[in-house]
Amino acid sequence: MKGSLFIFNTLTRKKEKFIPINPPFVGMYVCGPTVYNDVHIGNVRTFISFDVLYRYLLHAGYKVRYVRNITDVGHLVNDADHGEDKIAKKARLENLEPMEVVQQYTNSFHFVLQLFNTLPPSIEPTATGHIIEQIEMIETILKNGYAYTKNGSVYFDVEKYSQMHHYGKLSGRITEELIANTRSLEGQEEKKSPLDFALWKNAEPSHIMKWKSPWGIGFPGWHLECSVMSTKYLGETFDIHGGGMDLKFPHHECEIAQSVAAENTEPAKYWIHGNMLTVNGQKMSKSLGNSFTATQLINGTHPMLEKAYEPMSVRFFMLQSHYSSTLDFSNEALQASEKGFRRLVNAITLLETIQPSESGSINTDELEKKCYDAIQDDLNTPILIAHLFDAAKTINLLYDKKEIATKEQIETLKSVFKNFFFDILGLQTETDNNNSDKTNGIMNIILNIRKKARENKDFSTSDFIRDELKKLHIIIKDSKEGALWEYEK
RNA sequence: GGUCCUGUGGCCGAGUGGCUAGGCAAGGCUCUGCAAAAGCUUCUACAGCAGUUCGAAUCUGCUCGGGACCUCCA
């Protein structure tokens, strides 16, 4: 493998060459979901983005430890019910145990990510599994003088921290301006400054998820779990920290402050942020009501969806834009991607039938190099896919005998698709594998009858079969090699 | 209000000082009993105005749109 990865680091606002701290090992932490609801496909986009990074690093031969947390302690909901645990609230509403809610949505999260063919992380730690470590980190921060206690809660002292360090360096904020612009929220009277954030929160008696601590019964603060679990599994300073753009501030900023306050080191060398999926130009979000879940997407059961979409078409759609740009969802755009994706899949199938020639009229080495250049340039998947479309055209021309290729060139084409299409982009071709053997058998019989009718020029019978199947949403496609069928999309 | 991002052909989306992606759609063609499918092929855009430059969609300024964060959020 040639070349090396350049990646945009939010911390420096520059594309930087990726150099691991301890090669060949790479530590990567990605902020995972809060499991109090089904994730929507905007959430899925971020995990797909980091899946591509993970897959690239594995392909490049790194030994990657990929840690992605499950947030199973709820965070604050909003001003109205400040201090209430999201998961506890949901549990009361549905009359379930909090951990039952956690388990249910963790399961569905795993199911969804599997649908989109993302690789599981190496470690998937939970916040509730690391309460002791979180308490320990709070004690260290207190001991170092960067936090204060109040009524059984512990708050991070941003003002104190700002005297020595730059709070806001990741998101480009200035402490004084932040103070000037912060809205005054209810329930924050315990804090010395509105910028201060909770490390430990005192629990009301009605609160369900709570633990004993040196400061009383309570639960850990919003940002602490990521600091604790990334440190525990990846060390005080590790290579990559990722997450959605919306976590940059305050979440990731707080993580940096916590690590510096506790360990006097910044947690990550490279900070990488994926951008949002938008709908009509607006961020997809649960609260705006413009979100839909993976299940709704693949079943087409949402008013905004004109039809059902295959998970791989959706993954492909997402990879056709750069991870750091917003991507606007629309039925039109998704259907365009769906067709483009099928074009690539078709070419991959044809590639298996190409026969080698003595000499070649194509340049496969250049293709391979361009693909590496694209993925290594800040994971430019849209450019990479454009090269794969060029390769698909080449394959079609080879199939039509308008170009010729040597055995080696055909092998290179195959390895390009294996490496980039399957391994790095994480795409799969088997989209119709839900047909049972029995259905396939029946369809083969029908198609054989039709074939015989056509051979006998009995077109009224062959057209009758085609038209009747169409009524059942089964489409016949004739080709030189015979007829194929598929369900109408 | 503050900070930042963004505006590309009918649609989606890369690129980023000169070589001007790619997909979808549309037109043409090939294949074909017909149709569909599939393939080949054509189409030249960068919000507006001003400036820098031999040269700008790309840099600078202004104007006008859109968005994100500042509050849980992927």
Side-chain angles (χ1 to χ4, degrees), chain A residues 13 30-34 36-37 39-50 71 74-79 82 86 168 171-174 177-178 180-183 185 188 194-195 222 242-251 273-278 280-288 291 316-317 320-322 324-344 346-347 350 370 374 377 380-390 392-393 395-397 399-400 402 454 457-459 462-463 466-467 470 475-480 483-484 486:
Chain A
R13 284 162 193 72
V30 173
C31 291
T34 305
Y36 67 97
N37 242 318
V39 290
H40 57 68
I41 61 157
N43 303 121
V44 171
R45 183 187 180 201
T46 299
F47 298 120
I48 288 177
S49 296
F50 287 102
T71 297
H75 289 166
L76 297 181
V77 181
N78 56 37
D79 334 17
H82 70 269
K86 262 183 189 170
S171 53
R173 290 177 206 233
I174 296 160
E177 288 177 1
L178 282 170
N181 288 314
T182 306
R183 296 191 318 193
L185 298 174
Q188 306 221 333
L195 287 190
W222 320 353
M245 205 71 107
D246 49 355
L247 295 181
K248 224 196 276 185
F249 188 92
H251 183 62
H273 290 97
N275 216 324
M276 302 292 106
L277 184 73
T278 59
N280 297 321
Q282 258 200 332
K283 175 182 171 180
M284 175 178 281
S285 93
K286 188 96 190 154
S287 50
L288 287 170
S291 68
F316 184 74
F317 164 69
Q320 272 191 298
S321 77
H322 192 256
S324 67
S325 304
T326 54
L327 170 63
D328 199 52
F329 172 89
S330 69
N331 283 281
E332 222 180 345
L334 206 39
Q335 283 165 31
S337 286
E338 193 171 50
K339 288 181 188 170
F341 179 63
R342 277 193 228 157
R343 188 170 139 86
L344 279 188
N346 192 44
L350 284 185
K370 280 180 173 172
D377 182 13
N380 200 324
T381 55
I383 293 286
L384 171 56
I385 287 171
H387 294 323
L388 293 182
F389 274 113
D390 289 342
K393 181 181 279 187
I395 292 167
N396 289 329
L397 290 171
Y399 182 74
D400 283 350
K402 287 177 183 157
R454 292 180 73 204
K457 306 250 186 266
D458 178 7
F459 297 124
S462 70
D463 288 354
R466 186 172 69 198
D467 295 345
K470 177 110 188 356
I475 307 294
I476 303 285
K477 295 180 184 179
D478 289 318
S479 75
K480 285 171 201 160
L484 299 169
E486 67 179 20

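Below, chains carry the letters A, B, ... as their sequence lines are ordered, and counting in each starts from 1.
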The Watson-Crick or G-U wobble partner of B:C29, with both key distances under 3.5 Å, is B:G39
Query raised in the report: What integer number of Å spans the P atoms of B:C62 and B:U41?
Result: 46 Å
Would you indicate what A:M276 reaches in the nucleic acid, counting non-hydrogen atoms under 4.0 angstrom: base, sugar-phosphate, or nothing?
-> base
Scanning all shown strands, the Watson-Crick or wobble mate of B:C46 with both distances under 3.5 Å is none
- Have a look at A:G42 and say if it touches a base, only the backbone sugar-phosphate, or nothing, with a 4.0 Å heavy-atom cut-off. base
Any strand, both distances under 3.5 Å, Watson-Crick or G-U wobble: B:U3 pairs with B:A68
Practice prompt. In whole angstrom, give me the gap between the P atoms of B:A14 and B:U6.
Written response: 11 Å
Closest to the side chain of A:L178, out of B:G13, B:A68, B:C70, is B:C70
5'-most contact on RNA chain B (nearest-nucleotide basis), A:M284 vs A:P250, goes to A:P250
*On a whole-Å scale, what distance lies between the P atoms belonging to B:A38 and B:A25?*
9 Å
query = Relative to the ring of A:F341, is the ring of A:F316 parallel (under 30°), tilted (30 to 60°) or perpendicular (over 60°)?
reply = tilted
Same-atom distance (C1') from B:G18 to B:U58, integer angstrom: 11 Å
Heavy-atom contacts, protein to nucleotides 15-20 of chain B, under 4.0 Å, summarised as B (base), S (sugar-phosphate only) or - (none) per nt, yield S-----
If pairing means Watson-Crick or G-U wobble with both distances under 3.5 Å, then the partner of B:U16 is none
When you compare the protein's N or O atoms with those of nucleotides 22-26 of chain B, which come within less than 3.5 Å of each other, and at what distance?
unit_1	atom_1	unit_2	atom_2	d
B:A25	OP1	A:K339	NZ	3.1

Each nucleotide of nucleotides 31-37 of chain B classed B (base within 4.0 Å of a protein heavy atom), S (only sugar-phosphate) or -, in 5' to 3' order, makes --BBBBB
* **Min side-chain heavy-atom separation A:I41-A:F317 under 4.5 Å** => no
Flag the pair A:D478 and A:R454 as a salt bridge only when some basic side-chain nitrogen lies within less than 4.0 angstrom of an acidic carboxylate oxygen. yes
Mate of B:C59 across any strand shown (Watson-Crick or G-U wobble, both atom pairs under 3.5 Å) is B:G51
Report task. Could you tell me whether A:L397 contacts a base, only the sugar-phosphate backbone, or nothing, with contacts defined as non-hydrogen atoms closer than 4.0 Å? Result -> sugar-phosphate
Nearest-angstrom distance, P atom, B:G55 to B:C5 = 28 Å
